[in-house]
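A note on names: the letters A, B, ... follow the listed sequences, proteins ahead of strands, and every chain is numbered from 1.
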There are 2 protein chains.
Amino acid sequence: MRKPKGPSKSRAASAADVARLAGVSRSAVSRTFTDGASVSTKTREKVLAAAEELNYHVNHLARGLSQEKSRPVCLLAANLDKPYHNLLLDALTRQLQADGRMVMVINVSADPTSAGEALNRALHYRAAASIVMSGTPPEEMVQSCIKAGQKVILINRHNDLQDVHHIQIDYAQAMQEAVEFFVQAGCQTLTLISSSKGTPSLLARERFFIRSAQERGLQLTIWRGENTNYEDGQLAATTLLSKPTRDDGYFCITDLVACGFIDTATHEYDVDIPNDLCVLGFDDIPQASWKSYNLTTFAQPYNAIAERVTDILNCDQVNLNDQESNEEPSTDAERQNHTQTEKRDLRSKLQATPKWRDTVRSTESTLEQYAEVD
Amino acid sequence: MRKPKGPSKSRAASAADVARLAGVSRSAVSRTFTDGASVSTKTREKVLAAAEELNYHVNHLARGLSQEKSRPVCLLAANLDKPYHNLLLDALTRQLQADGRMVMVINVSADPTSAGEALNRALHYRAAASIVMSGTPPEEMVQSCIKAGQKVILINRHNDLQDVHHIQIDYAQAMQEAVEFFVQAGCQTLTLISSSKGTPSLLARERFFIRSAQERGLQLTIWRGENTNYEDGQLAATTLLSKPTRDDGYFCITDLVACGFIDTATHEYDVDIPNDLCVLGFDDIPQASWKSYNLTTFAQPYNAIAERVTDILNCDQVNLNDQESNEEPSTDAERQNHTQTEKRDLRSKLQATPKWRDTVRSTESTLEQYAEVD
DNA sequence: CTGAAAGCGCTTACAG
DNA sequence: CTGAAAGCGCTTACAG
């Protein structure tokens, strides 16, 4: 009930206020709230009491001016209405928070220039890092960020930029397993339902699927819709199932496409999956396990990706572009090698794991081989 | 190729650097990047050129120390893997960004204490506002935020806290329309499938639905699952459809529940919707329109909510808790009234709009009355 | 362990 | 229109 005196001008208390009330220097206050700093128990308690009374909270905005760790991390995300992106966003925000990071999410709309604008914002807020899970920022913006001392992490979107960190899924193995699924189910002819969007991960999945199908000597048709959404799957079904002959198996490049394909196949073409034909998806979105779909698919390693991100953030390894490094200079060959190795390690860890469900005809052996993981 | 001299210590350029290069004072630099400030064209151009060369970007972290507008806004969100939350998050981040705000998303997990921790973070980062779309932060934390000069906005989660801004949907009307749907479809007995979670918006929907059903003299059963997810809908179907007699209509408190209910009803109980029974959902998540569900539901006014939020952020109306206001003092009655009016206005604007689809038996008249909105 | 001082980058009166 | 100066809140050597 009793109101405390003093500047209640609805301005938050500062370290100076606390110092005054506790009768110590502002350095002492600062030390009390700094992890490894040396303060006597007595001082610390006085400070803590004063802080409590004034409802003091260290201003991380100000702290960020000198400490890199309390600077924000930017997350460039798009398609926030799509399940895959949500799952990744969920995993990333959890992990980054647990790591003590403040994460600012930048919604990168379909507008192709917005990724650049987002990176610009990241620059303005002195982000410790920019994590790109959607969009393709222009190369010069990425370079600006790196020059400003920022780490840039690209998730599932390989390009040839120097000095950026990449986190990628090993699509080669997943696509090989995908083809194997179809083979086990007795499929001879396949259709790959993809998109002409041409994002890096789409292209990678396509390439490896095609290669694996060829290796297995299967006949493969490729169909590409505009996007990778439910509607694209519907259109694929309408187009492909009207043809005089149907294939044995259909690999949908995303689960969303698979859901649309299955719905139209089932409700409009009276197709019985997996008896008439086999369907496979990718992403393991929640809907894939819904009864109407029960889709065999591949789960992205969402949590592993998120852990990778914090690993990268926490290694204060000198930026690769710091050419005039004053550590023991290594030869170009060695540097190259080290980077190579690191990339390979990283890649080898992130595997998409198969989720066996009922849209591919099963055989006992495969069921065993690909037991549900969790 | 040629490297510029100077401190390329991978430290970003500061206003001082720019001033030096341009041969002007740092005030001039500051003014050049401040909207209404007065700088001569000549100075501005020199500054701009120097800034360009040094790749200078105003440090918003530092700016936030004195300017409220460039301070971040915090968004407390949970269930980032659920469609409703994604749609709202999408709308909010878009709108806030368009308004020039930096938005930091805090993932409030199921842990009940995490909402408080999140608000604590908001305090540390001197957020201009905290927007709560999930979780129930403890009252004292909310008060701390407000005392620190922060605006607190609660979305769809009414409570009795003073001085916080509320954005709410008018569930009364939506629930009345829901009951009307069932009546039009010829239903006499209804079941309300809800959850025992007891969040404010759930309770409000329940209350108004019950009231409307009573007004219409319908027989109503209430069933509550643990949550409001797909699995809860499945369990509801298993439980309710095993009973000796079934009701005519089932109102699912969320679309996710409705999807689970429909899937189990269709695939396990061989129910034909809407001929055997009618189903209604709430939220209009993307899956509601998928062919397997084609669910009649109510769309949350996502964009209107987001616009409301920025409206609140941009009105610099003195905080309501500033009791010793030095404006012309108004009577308590007047203040009260004003707040009331504002709340009513706000509420009247945000309506859930019905989306007519095929899970309720239709009659021509209702089809006309509730034409698809967009 | 502790305090005075300089520094991080900005903005905003205040004189000119 | 312009610059010197004080202020926003913090941290981090530097002496003691």
Taking any strand in view, what nucleotide pairs with dA13(D) in a Watson-Crick or G-U wobble way, both distances under 3.5 Å?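 Paired with dA13(D), as far as the under-3.5 Å criterion goes, is no nucleotide at all.
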
Once you apply the 3.5 Å cut-off to both distances, tell me the Watson-Crick or G-U wobble partner of dA4(C), or none.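 Check on dA4(C): unpaired, no WC or wobble geometry under 3.5 Å.
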
OP1 or OP2 of [N] less than 4.0 angstrom from a side-chain nitrogen or oxygen of [X], does that happen here?
| X | N | value |
| --- | --- | --- |
| Thr43(B) | dT2(D) | yes |
| Ser38(B) | dT2(D) | no |
| Ser25(B) | dG3(D) | yes |
| Tyr56(B) | dC10(C) | yes |
| Ser30(B) | dT11(C) | yes |

Nearest 0.5 angstrom please: [X] [atom1] to [Y] [atom2], how far?
| X | Y | atom1 | atom2 | result |
| --- | --- | --- | --- | --- |
| Arg94(A) | Tyr302(A) | CZ | OH | 14.0 Å |
| Asn120(A) | Tyr125(A) | CG | OH | 11.5 Å |
| Ile167(B) | Asn156(B) | CD1 | CG | 9.0 Å |

Whole angstrom value for the distance that separates [atom2] of [N] from [atom1] of [X]:
| X | N | atom1 | atom2 | result |
| --- | --- | --- | --- | --- |
| Lys42(A) | dG3(C) | NZ | P | 12 Å |
| Glu45(B) | dC1(D) | CD | P | 15 Å |
| Arg20(B) | dC10(C) | CZ | P | 12 Å |
| Arg71(B) | dT11(C) | CZ | C1' | 13 Å |
| Lys69(B) | dT11(C) | NZ | C1' | 17 Å |
| Asp17(B) | dC8(C) | CG | C1' | 12 Å |
| Asn59(B) | dG9(D) | CG | P | 16 Å |
| Leu65(B) | dC10(C) | CG | P | 11 Å |

Using heavy atoms to find the nearest nucleotide of DNA chain D for Ala28(B) and Ser66(B) separately, return the residue whose nucleotide is more 5′.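 Looking at DNA chain D, the more 5' nearest nucleotide goes with Ala28(B).
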
Go nucleotide by nucleotide along DNA chain D from the 5' end; which of Gln67(A) and Arg44(B) gets its closest nucleotide reached first?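 Per heavy-atom nearest nucleotide, the more 5' residue is Arg44(B).
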
Okay, side chain of Arg101(B), backbone of Val73(B): is any donor-acceptor separation there less than 3.5 Å?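 Judged by distance alone, no pair lies under 3.5 Å.
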
Heavy atoms from C-beta onward define the side chain here; which of dC14(D), dT11(D), dC10(C) lies closest to that of Arg31(A)?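 Nearest listed nucleotide: dC14(D).
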
Please determine, for the side chain of Val24(A), which listed nucleotide (dG3(C), dT11(D), dT11(C)) has the closest atom?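 When the side chain of Val24(A) is considered, dG3(C) is the closest of dG3(C), dT11(D), dT11(C).
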
hbond_proxy Arg126(B) side chain to dG9(D) base (donor-acceptor, 3.5 Å cutoff):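 Such a pair does not exist between side chain and base.
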
Classify [X] by what it touches in the nucleic acid, base, sugar-phosphate, or nothing, heavy-atom distance under 4.0 Å.
| X | answer |
| --- | --- |
| Ser27(A) | base |
| Ser14(B) | sugar-phosphate |
| His124(B) | nothing |

If you assign each of Ser40(A) and Arg26(B) to its closest nucleotide in DNA chain C, which residue comes earlier from the 5' end?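 Here Ser40(A) is the residue nearer the 5' end.
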
Which heavy-atom pair separates Val29(A) from Val47(A) by the least distance, and what is that distance?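 Of all heavy-atom pairs spanning Val29(A) and Val47(A), the closest is CA-CG1, 4.1 Å.
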
Can you confirm whether the side chains of Thr43(B) and Ser40(B) place a donor and an acceptor under 3.5 Å from each other?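 Their side chains do contain a donor-acceptor pair, which is all the 3.5 Å distance test asks for.
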
